[in-house]
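Okay, so here's the structure we're looking at.
For the numbers below, each heavy atom of this structure counts, side chains included, while hydrogens, waters and symmetry mates do not.
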Amino acid sequence: MDEQPRLMHSHAGVGMAGHPGLPQHMQEGTGGADGDGRKQDIGDILQQIMTITDQSLDEAQARKHALNCHRMKPALFNVLCEIKEKTVLSIRGAQEEEPPDAQLMRLDNMLLAEGVSGPEKGGGSAAAAAAAAASGGAGADNSAEHSDYRAKLAQIRQIYHTELEKYEQACNEFTTHVMNLLREQSRTRPISPKEIERMVAIIHRKFSSIQMQLKQSTCEAVMILRSRFLDARRKRRNFNKQATEILNEYFYSHLSNPYPSEEAKEELAKKCSITVSQVSNWFGNKRIRYKKNIGKFQEEANMYAARTAVNATNVSSHGSQANSPSTPNSAGGLCNSTYIALCYMASNVLLPTMGHVCQIQKTLWQKSLHN
DNA sequence: CAATATGATTTGGG
DNA sequence: CCCAAATCATATTG
């Protein structure tokens, strides 16, 4: 487009008479400004154009150059361009639409959100962190998966960027090439700068549609990656033995009201090196599954109750059994671990009334147990 | 391989 | 948000 002045300028200064490129017989009619001379001039030109193919190559070349430098050329060129412009416009009509930007915007936004496009490292780690938060996991083996995920994401990002760059470069190359070609051809064909501009726009549209495909497939790849690595359901890991023990211990020692408070959940989470929401999930699952089939869990319940009892006796030699609501006051010499275990079992199975706990929740839990 | 166990998610109510 | 319940999808077991 900035070539326009140059293009025009090259013809603007073309003189009439005495131009070194003009063959002798062409100058004959150019001296006078009368109408006859002009007609003669045009006829001459037409004649030359019509017969140019009959001439030898060198001669034709020289003739072409001469015609190109003729004073009529710019005017003729402009007229032809104008005609062409009108024809093209009438043919293409209202084909200038740009609606499919929504799709592109969506893809761009997603790529940006996933850290594929946008800033190099910061975006990536931010996305990974967001993903971590989304998955709700921060466990020990989770970080390994994250690094794996991040590596894969980085790979995708790299491919995306190389491809994008490649496209960009190809687009630029192609554009320059076409522009040069058109400019070159504008010496022999009526190609206006405006048309070149339009052609460039068409090329860019084409390439951006190719880019969109790249973005689309990148998005797909990221989605697949996400579902593979971040959908925890697909990568479900059982908690380790110790964590399960701790959770079960709490559950069965609070069987009459197995609803840990927020603080208790936090502590359990810390002890089991899982998240609080995992603790919540665990208790939710446990409650519903326990209730559904108490018989199935009886053995487990007894085991944990006994273990808790043993621990209690081992830790405190005497007295501090506030946890046991049914400690007999005449326990004197019977206070051995077996007895306490039995007490725990009885208390858990029979669900005795216990004091200071959330009465409503406890009632609900107990009521639902009896269904 | 089928059956069962299990952690996570979805749905629906409060 | 909490929860119960149903459901999903994987892990483990027999």
Side-chain angles (χ1 to χ4, degrees), chain A residues 110 113-114 127-150 152-153 220-308 348-349 351 353-371:
Chain A
M110 184 187 157
E114 294 296 333
S135 77
D141 67 337
N142 222 340
S143 65
E145 278 177 27
H146 276 167
S147 73
D148 203 359
Y149 170 81
R150 222 144 68 189
K152 288 267 196 322
L153 188 67
E220 269 169 36
V222 170
M223 292 301 273
I224 290 168
L225 188 68
R226 269 189 90 93
S227 70
R228 278 262 309 281
F229 280 83
L230 295 177
D231 187 351
R233 269 207 300 199
R234 294 183 191 282
K235 268 287 185 194
R236 188 176 69 73
R237 294 251 160 273
N238 290 354
F239 298 151
N240 60 43
K241 208 85 178 165
Q242 200 183 350
T244 312
E245 301 244 318
I246 292 167
L247 293 167
N248 272 317
E249 211 164 283
Y250 188 98
F251 180 79
Y252 287 111
S253 65
H254 298 75
L255 195 50
S256 61
N257 185 43
Y259 295 87
S261 65
E262 187 55 36
E263 298 81 51
K265 279 183 192 171
E266 275 166 22
E267 190 175 334
L268 284 169
K270 208 164 94 182
K271 274 202 266 189
C272 301
S273 45
I274 58 179
T275 65
V276 172
S277 54
Q278 280 178 305
V279 173
S280 298
N281 285 340
W282 190 91
F283 273 90
N285 282 322
K286 191 72 184 181
R287 279 190 302 263
I288 200 75
R289 282 162 186 165
Y290 176 84
K291 198 177 76 177
K292 238 178 182 162
N293 189 353
I294 295 179
K296 199 170 69 182
F297 289 91
Q298 196 60 63
E299 203 179 331
E300 194 178 62
N302 293 342
M303 197 188 84
Y304 279 101
R307 184 181 310 184
T308 307
N348 287 329
V349 171
L351 294 169
T353 53
M354 290 175 72
H356 29 279
V357 281
C358 175
Q359 196 61 42
I360 297 166
Q361 211 167 42
K362 194 177 83 179
T363 311
L364 284 174
W365 165 247
Q366 292 178 2
K367 203 190 283 181
S368 68
L369 276 185
H370 286 115
N371 289 345

Flag for A:Asn238-A:Arg236: side-chain donor and acceptor within less than 3.5 Å: yes

Length of the line joining A:Glu245:CD and B:dT6:P, which is rounded to integer Å: 13 Å

A:Asn240 CG to B:dG7 P, straight-line distance once rounded to whole Å: 10 Å

Integer-rounded Å distance: B:dG7 P and A:Lys241 NZ: 11 Å

Short side-chain N/O contact to C:dA11 OP1/OP2 from A:Arg237, under 4.0 Å: yes

Under-4.0 Å side-chain N/O to phosphate OP1/OP2 contact, A:Tyr259 with C:dA4: yes

Proximity to the side chain of A:Asn281 - top-ranked nucleotide from C:dC3, B:dA8, B:dG7: B:dA8

Whole-Å gap separating C1' (B:dA5) and CH2 (A:Trp282): 13 Å

Length of the CZ-C1' vector between A:Phe283 and B:dG7, whole Å: 14 Å

Aromatic ring pairing A:Phe297/A:Tyr290, orientation class (parallel under 30°, perpendicular over 60°, tilted between): tilted

Sugar-phosphate, base or nothing in reach of A:Lys286, heavy atoms under 4.0 Å: nothing

Side-chain N,O (A:Arg289) to OP1/OP2 (B:dT6) below 4.0 Å: no

Nearest-Å distance for atom pair CG/C1', residues A:Leu364 and C:dC2: 12 Å

From CA spacing to verdict: side chain to side chain contact (heavy atoms under 4.5 Å, CB included), A:Met303, A:Asn248: CA-CA 10 Å; A:Met303 197 188 84; A:Asn248 272 317; over 6 Å; no

A:Asn285 or A:Ser280, whichever maps to the more 5' nucleotide of DNA chain C: A:Ser280

Distance in angstrom units between A:Tyr290 OH and B:dA5 C1', rounded: 18 Å

Short side-chain N/O contact from A:Lys292 to OP1 or OP2 of C:dA4, under 4.0 Å: no

Validation row, ring centre A:Tyr304 to ring centre A:Phe251 under 6.0 Å: no

Protein-nucleotide distance (A:Asn257, atom CG; C:dC3, atom P), rounded to Å: 10 Å

Residue-phosphate contact under 4.0 Å: A:Gln278 side-chain N/O, B:dG7 OP1/OP2: no

Ring centre gap for A:Phe283 and A:Tyr250 strictly below 6.0 Å: yes

Proximal nucleotide (of B:dT9, B:dA5, C:dC3) relative to the A:Arg236 side chain: B:dA5

Distance test, side-chain N/O of A:Asn238 to OP1/OP2 of C:dA11, below 4.0 Å: no

Short side-chain N/O contact from A:Lys291 to OP1 or OP2 of C:dA5, under 4.0 Å: yes

